Amino acid sequence: MEKIIEQNVACAVKDLYGSDVETGVLQIQETRKDFEGDLTVVVFPLLRFSGKSPEQTAAEIGEYITGINPGIESCSVVKGFLNLSLGNSAWLAEFDKLVSEKDSLRQAGRGEQQVTLVEYSSPNTNKPLHLGHIRNNLLGFSLSRILSECGHKVFKTNIVNDRGIHICKSMLAWKLFGDGKTPETTGMKGDHFVGKYYVEFENACSKEIRELTDRGMTPGEAAAGSKMMSEAREMLRRWEAGDPETVGLWKMMNSWVYEGFEETYRALGVDFDRIYYESDTYKLGRDIVNTGLEKGIFRRKEDGSVWVDLTSDNLDEKLLLRADGTAVYMTQDLGTAVERYNDYRFDNQYYVVGNEQNYHFQVLKLILEKLGYEWAGGIYHFSYGMVNLPEGKMKSREGKVVDADDLINTMIKTAREMSEELGKLGDYPEEEKDGIYSRIGLGALKYFILKVDPRKNMLFDPRESIDFNGNTGPFVQYTYTRIRSVLRKAEEMEVKSSHDFRSIKLNGKEKDILRLLRRYHRVVREAADELNPSYIANYIYELSREFNQFYHDYTILGEKDESLRGFRIALSDLTGRVIKRAMWLLGIEMPERM
RNA sequence: GGUUCAGUAGCUCAGCUGGAUAGAGCAACGGCCUUCUAAGCCGUAGGUCGCAGGUUCGAAUCCUGCCUGAAUCACCA
């Protein structure tokens, strides 16, 4: 419709003022709600063609195009804005178009299919997942679905930081204090079990350091002299040397952690196509650094460490290999990137990683480019902001974290309490209720996190943040269940939806809803282009809100006019599908009733 | 200090590539359940869009400077 009007306006300018309008100058937009009309032509850019006042120009163009476009019922001019009202037939044609598209919502995409990797989650194996990981997982998962909706062939990947001093700390503490206990014998979730020993290590170690500083050592000396620390380092050396006992312990404890993670991922509803392990990729990274060294891209210092000089790109020098030849973070990421390219030949790869690592990914991309990998241009850092608590930053070392499993369980519990208090679902079977509460609780959590712009830091107050009223997941779910309820009853009453609406007159609310429904594809495409799931969340809230008001103001099944009733049922059906689809893109499941 | 990002109602957040009178929710106050789900709907109150300039028909949005906050500038991952 906009395109046709664009042509109409271009035509009007040519006929009235004798000028050709280049595309891009014309601005057609949805009319603001408080004004009469559906579409608005902004005439300010056209004044240089007409040489007349905004009002006069708008009036002339308005008169011209209502004459040639029968879809336009009337027009009005407010200041420099030409507001056009579409006739019923034009609206119904739009509706028909939407209905015929309803089963192929996957049309937001364009162009040839690209292979796109999304890396997210990236946990360490020494402690359980926390709120920061939740934001990461939800963003990564949603981004994957959005890109796939837009035609990308998406592979979800995860890189597990399974090696390094941190896991050795847990291993050592378990050896010292564990008494051979396991998650099975204690009934603890594996990741929490291992995390407990990480904390025990930190406690024992800081106690030791405190004793040393009490005896007059400086903090630096104390840290160096700590037996716990040096034993952990020794363990890392043995691990790197492939000592069977150490590697066996490492494997066992990691397997506990993976079981725990798997459970959390399942509860969150996220998954991966392929999991990479740092312990597998860091060696490849080392080879890459060595070939770069041979090609003269990198430089070895006197002590034997390898560096890349990025000062010409306005960055610093960056370490790639330690003097003893062991790998650092960057080494391993180079290896992972190359391995992934060999595995997938991707066009794009998105790293979902917090903004604290902006610098790291800037450097990673630059180094890959210097090494001559052409695909390096296709890697992007999807950088998101931190989640802060009312007390400030989350600090895992100080125990100032919100644990992922706790949070998920609390959400589901709250959903249950809320529902029971409101007296919903009284006579439902328990198992079915559990599924619904879990969808509502998780819906609240996911929506709360995804509705905010990923780039921004966000505040999370465990007591107040998560709401079930207002701009929330449960509100959208509630709207959806109302729609489903109406459709179920329509079926029982054998009232059919109808597509023959020629005789009906749309009201303002119905037009508002159609206007919003028309926006769906554009919103999804923008979300994909800007890598921003929050566009979808905020859109779907607006749609749900309109629809709730619509159900409040108008009756559906009780409507006497058969074709109007049929239309409203069809509109409900379509809206329900769009809401469900959009929420699916956010990774939020919908209950059929609540 | 360098770099990057952010600053919108008491609080949490929207505001699309510059467009009309800056929007929701929470919190506060007042209405609405005999009618398809009240996790809802309606109303009241709440704003110098960090500050100052600039660009133009028009700026929360773009440019410059300043103020404030965050992240980063590691032989941690």
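Convention: sequence-line order gives letters A, B, ...; per-chain numbering from 1. From a predicted model like this one, the values you see are computed outputs, not experimental measurements.
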Undergrad: Can you pull out every ring-ring contact (aromatic ring centres under 6.0 Å, His included) where at least one residue sits in residues 463-494 of chain A? Sequence neighbours excluded, please.
TA: A/Phe475-A/Tyr541

Undergrad: Tell me, please, which residues at least two apart from A/Ser305 pass side chain to side chain donor-acceptor pair (under 3.5 Å).
TA: A/Asp303, A/Trp307

Undergrad: Not counting sequence neighbours, which residues clear ring pair (Phe, Tyr, Trp, His ring centres under 6.0 Å) with A/Phe460? List them please.
TA: A/Phe448

Undergrad: Got a minute to check which stems RNA chain B is part of, using Watson-Crick or G-U wobble pairs under 3.5 Å, three or more consecutive?
TA: B:1-7 with B:67-73, B:10-13 with B:23-26, B:28-32 with B:40-44, B:50-54 with B:62-66

Undergrad: Using a 4.0 Å heavy-atom cut-off across all strands, classify A/Glu530 as base, sugar-phosphate, or nothing.
TA: nothing

Undergrad: Walk along nucleotides 30-38 of chain B from 5' to 3' and tag each nucleotide B, S or - by protein heavy-atom contact under 4.0 Å, base first, then sugar-phosphate.
TA: ------BBS

Undergrad: Taking ring pair (Phe, Tyr, Trp, His ring centres under 6.0 Å) as the test, write out the residues that go with A/Phe81, two or more places apart.
TA: A/Phe44

Undergrad: Write down the distance separating the C1' atoms in B/A27 and B/C63, rounded off to the nearest Å.
TA: 39 Å

Undergrad: Quick one: ring pair (Phe, Tyr, Trp, His ring centres under 6.0 Å) partners of A/Phe361, sequence neighbours excluded?
TA: A/Tyr351, A/His381

Undergrad: Remember a base hit wins even if backbone is also touched, and classify A/Ile440 as base, sugar-phosphate or nothing at under 4.0 Å, heavy atoms.
TA: base

Undergrad: Pick out the pairs of N or O atoms, protein on one side and nucleotides 18-24 of chain B on the other, that lie under 3.5 Å.
TA:
unit_1, atom_1, unit_2, atom_2, d
B/G19, N7, A/Gln27, OE1, 3.2
B/A20, OP2, A/Arg32, NH1, 2.9
B/A20, N6, A/Thr40, OG1, 3.0
B/A20, N6, A/Asn83, OD1, 3.3
B/A20, N1, A/Asn83, OD1, 3.3
B/A20, N1, A/Asn83, ND2, 3.4
B/U21, OP1, A/Lys79, NZ, 2.9
B/G23, OP1, A/Arg32, NH2, 2.7
B/A24, O2', A/Tyr541, OH, 2.9

Undergrad: Base of B/C5 relative to its sugar, syn (within 90° of 0) or anti?
TA: anti

Undergrad: Select base, sugar-phosphate, or nothing to describe what A/Ser419 touches, counting heavy atoms under 4.0 Å on all strands.
TA: base

Undergrad: Restricting to ring pair (Phe, Tyr, Trp, His ring centres under 6.0 Å), what partner residues turn up for A/Phe382, sequence neighbours left out?
TA: none

Undergrad: Is the A/His166 to A/Tyr198 ring centre distance short of 6.0 Å?
TA: no

Undergrad: Test of understanding: with side chain to side chain donor-acceptor pair (under 3.5 Å), list the residues that count as partners of A/Arg518, not counting sequence neighbours.
TA: A/Glu2, A/Glu94

Undergrad: Distances under 3.5 Å only, N/O to N/O: pair up the protein atoms with those of nucleotides 73-75 of chain B.
TA:
unit_1, atom_1, unit_2, atom_2, d
B/C73, O2', A/Asp316, OD2, 2.6
B/C75, N4, A/Asp303, OD2, 2.6

Undergrad: Should A/Glu202 and A/Lys169 count as an ion pair when the cut-off is N to O under 4.0 Å?
TA: yes

Undergrad: Check nucleotides 8-11 of chain B against the protein and report each pair of N or O atoms closer than 3.5 Å, with its distance, or say if there are none.
TA:
none

